[in-house]
Amino acid sequence: MAELVRYSTDNGVATITLDSPHNRNALSAVLRRELREHLGAAVADDAVRVVVLDHTGPVFCAGMDLKEAGTAGSTTAGVNEFPEILTQILTSPKPVVAKLAGPARAGGVGIVAAADIAVTVDTATFAFTEVRLGLVPAVISVTVLPRLLPRAAHELFLTGETFDAARAVHIGLVNAAVPADGLDAEVRRYTDMLVLGGPTALAATKRMLRQSRPVDPAEGFAEMLELSAGFFAGAEGQEGIAAFAQKRRASWVPVTDR
């Protein structure tokens, strides 16, 4: 059986490609399993510095495979497995970039929101279609709600209305919307910047960004001071400082022939 998710690496960037265009890259059981495996492989590979989530076909991801979900005994399968995928993306120590050459719906939007950076073509559309199917966008709310403006979240979750890429940028769902012929270059711009970061510094920064800020500023500053001091004194921080002083690239920056 052909893979529904493909995996490749190049110059420190792992590309995980959803390759099930016949059903608009819907999150079938096979696709979910392969996506989890490839995300795990990217995290385990020390040579991988950044992960790009890509796709074939005109749609990034249509959400859960509703045909499969409608079969007997499958009503909870996707709900039980999908949080693991979103958690893998959220907690990946390597930055994750979502690359959309087309629309995303429902669970697909949850994946976009879980990524650290999302770049889309300006013709893509988005929608939280769950309520129109008598469902609740509960699982994806964990990744989506921290991204969206509150008023937009209420409107779009409750109405299921389709919205365009420009609005997706405005409400915080994606970072950039570009013409189709500029998508590769914009994603490359981000990955080229991300590989310049120290691996452990990037992982720690991701953990910091996930933490809710404490009410007491003194507690927050004390915690962040301890984190900062540890990296200033650590091997990676010292290497970065030395590289800056010596006007060279840090040792962790992948060698590239570009």
Side-chain angles (χ1 to χ4, degrees), residues 18 25 27 39 50-55 59-63 82-83 85-132 135-180 182-183 185-194 197 202-215 220 224:
L18 307 183
N25 292 314
L27 295 163
L39 286 167
V50 181
V51 180
V52 173
L53 298 177
D54 200 353
H55 67 101
V59 176
F60 174 74
C61 179
F82 193 41
I85 293 171
L86 297 180
T87 300
Q88 281 181 291
I89 298 170
L90 279 171
T91 64
S92 163
K94 291 93 184 281
V96 179
V97 179
K99 176 184 177 183
L100 287 78
R105 296 289 186 270
V109 187
I111 290 175
V112 172
D116 299 289
I117 293 171
V119 181
T120 182
V121 293
D122 54 13
T123 54
T125 60
F126 305 83
F128 304 103
T129 54
E130 287 87 347
V131 292
R132 296 192 179 188
L135 305 173
V136 177
V139 171
I140 66 168
S141 71
V142 175
T143 61
V144 172
L145 291 183
R147 303 286 189 200
L148 299 193
L149 296 173
R151 281 290 185 188
H154 280 250
E155 173 192 344
L156 298 171
F157 269 44
L158 293 170
T159 65
E161 181 183 21
T162 299
F163 56 101
D164 62 17
R167 189 167 192 203
V169 173
H170 176 71
I171 64 178
L173 180 62
V174 300
N175 297 82
V178 298
L183 181 62
E186 184 69 354
V187 171
R188 176 70 58 81
R189 186 177 75 86
Y190 279 111
T191 58
D192 282 352
M193 290 190 289
L194 290 167
L202 287 169
T205 300
K206 283 198 61 171
R207 287 195 300 272
M208 178 190 70
L209 289 168
R210 289 197 305 272
Q211 295 171 354
S212 60
R213 298 272 62 84
V215 175
M224 293 302 105

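These numbers come from a predicted model, not from an experiment.
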note = Heavy atoms of Ser92 and Lys206 approach each other most closely as O-NZ, 2.9 Å

inquiry  = Under a 3.5 Å distance rule, please check whether His154 uses its side chain to pair with a backbone N or O of Leu158 as donor and acceptor.
reply    = no

Heavy-atom side-chain proximity of Val119 to Arg189 below 4.5 angstrom = no

task = Measure the acute angle between the ring planes of Phe128 and Phe157, then classify it against the limits of 30° and 60° as parallel, tilted or perpendicular.
result = tilted

request  = Locate the shortest heavy-atom distance separating Val112 from Ala118; write the atom from each residue and the value.
outcome  = CG1-CB, 3.7 Å

inquiry  = Just verifying a value: how many Å separate Leu149 CG and Ile171 CD1, rounded to the nearest 0.5 Å?
reply    = 7.0 Å

key: Residues forming a ring-ring contact (aromatic ring centres under 6.0 Å, His included) with Tyr190, sequence neighbours excluded   = none

ask   = Just wondering, do Thr143 and Ile89 contact through their side chains at under 4.5 Å, heavy atoms?
value = no

ask   = Going from CD on Glu155 to CZ on Arg167, what distance comes out if it is rounded to the nearest 0.5 angstrom?
value = 4.0 Å

task = Measure across Gly63 and Ala106 and return the closest heavy-atom pair with its distance rounded to 0.1 Å.
result = CA-CB, 4.4 Å

ask   = Could you walk me through whether Phe60 and Val109 pass the side-chain contact (heavy atoms from CB on, under 4.5 Å) check?
value = CA-CA 9 Å; Phe60 174 74; Val109 187; over 6 Å; no

note = Heavy-atom closest pair (Gly197 atom, Leu202 atom, distance to 0.1 Å) is O-CD1, 3.7 Å

ask   = Under a 4.5 Å cut-off applied to non-hydrogen side-chain atoms, are Leu39 and Leu53 in contact?
value = yes

ask   = Between Val174 and Phe126, is any pair of side-chain heavy atoms under 4.5 Å apart?
value = yes

inquiry  = Just so I know, are the side chains of Asp116 and Leu194 near enough to count as touching, which here means a heavy-atom distance under 4.5 Å?
reply    = no

query = With side chains defined as the heavy atoms from C-beta onward, is the minimum distance between Cys61 and Leu18 less than 4.5 Å?
reply = yes

message = side-chain contact (heavy atoms from CB on, under 4.5 Å) for Arg210 and Thr91? Distances and angles first, verdict last.
response = CA-CA 9 Å; Arg210 289 197 305 272; Thr91 64; 4.1 Å; yes

inquiry  = Show the nearest heavy-atom pair for residues Gly110 and Val144, with the distance to one decimal.
reply    = CA-CG2, 4.1 Å

task = Determine, step by step, whether Val51 and Val97 satisfy the side-chain contact (heavy atoms from CB on, under 4.5 Å) criterion, reporting the C-alpha distance in whole Å, the side-chain angles of both residues, the deciding distance to 0.1 Å, and the verdict.
result = CA-CA 6 Å; Val51 180; Val97 179; over 6 Å; no

request  = Please tell me if the side chains of Val187 and Asp54 come closer than 4.5 Å, counting only heavy atoms from C-beta onward.
outcome  = no

ask   = Is the closest side-chain donor-acceptor distance between Thr125 and Arg105 under 3.5 Å?
value = yes

query = What is the minimum heavy-atom distance between Pro83 and Val139, and which atoms define it?
reply = CG-CG1, 3.9 Å

key: Separation of Asp122 CG from Leu100 CG (nearest 0.5 Å)   = 12.5 Å

message = Once rounded to the nearest 0.5 Å, what's the spacing between atom NZ of Lys99 and atom CD of Glu186?
response = 11.5 Å

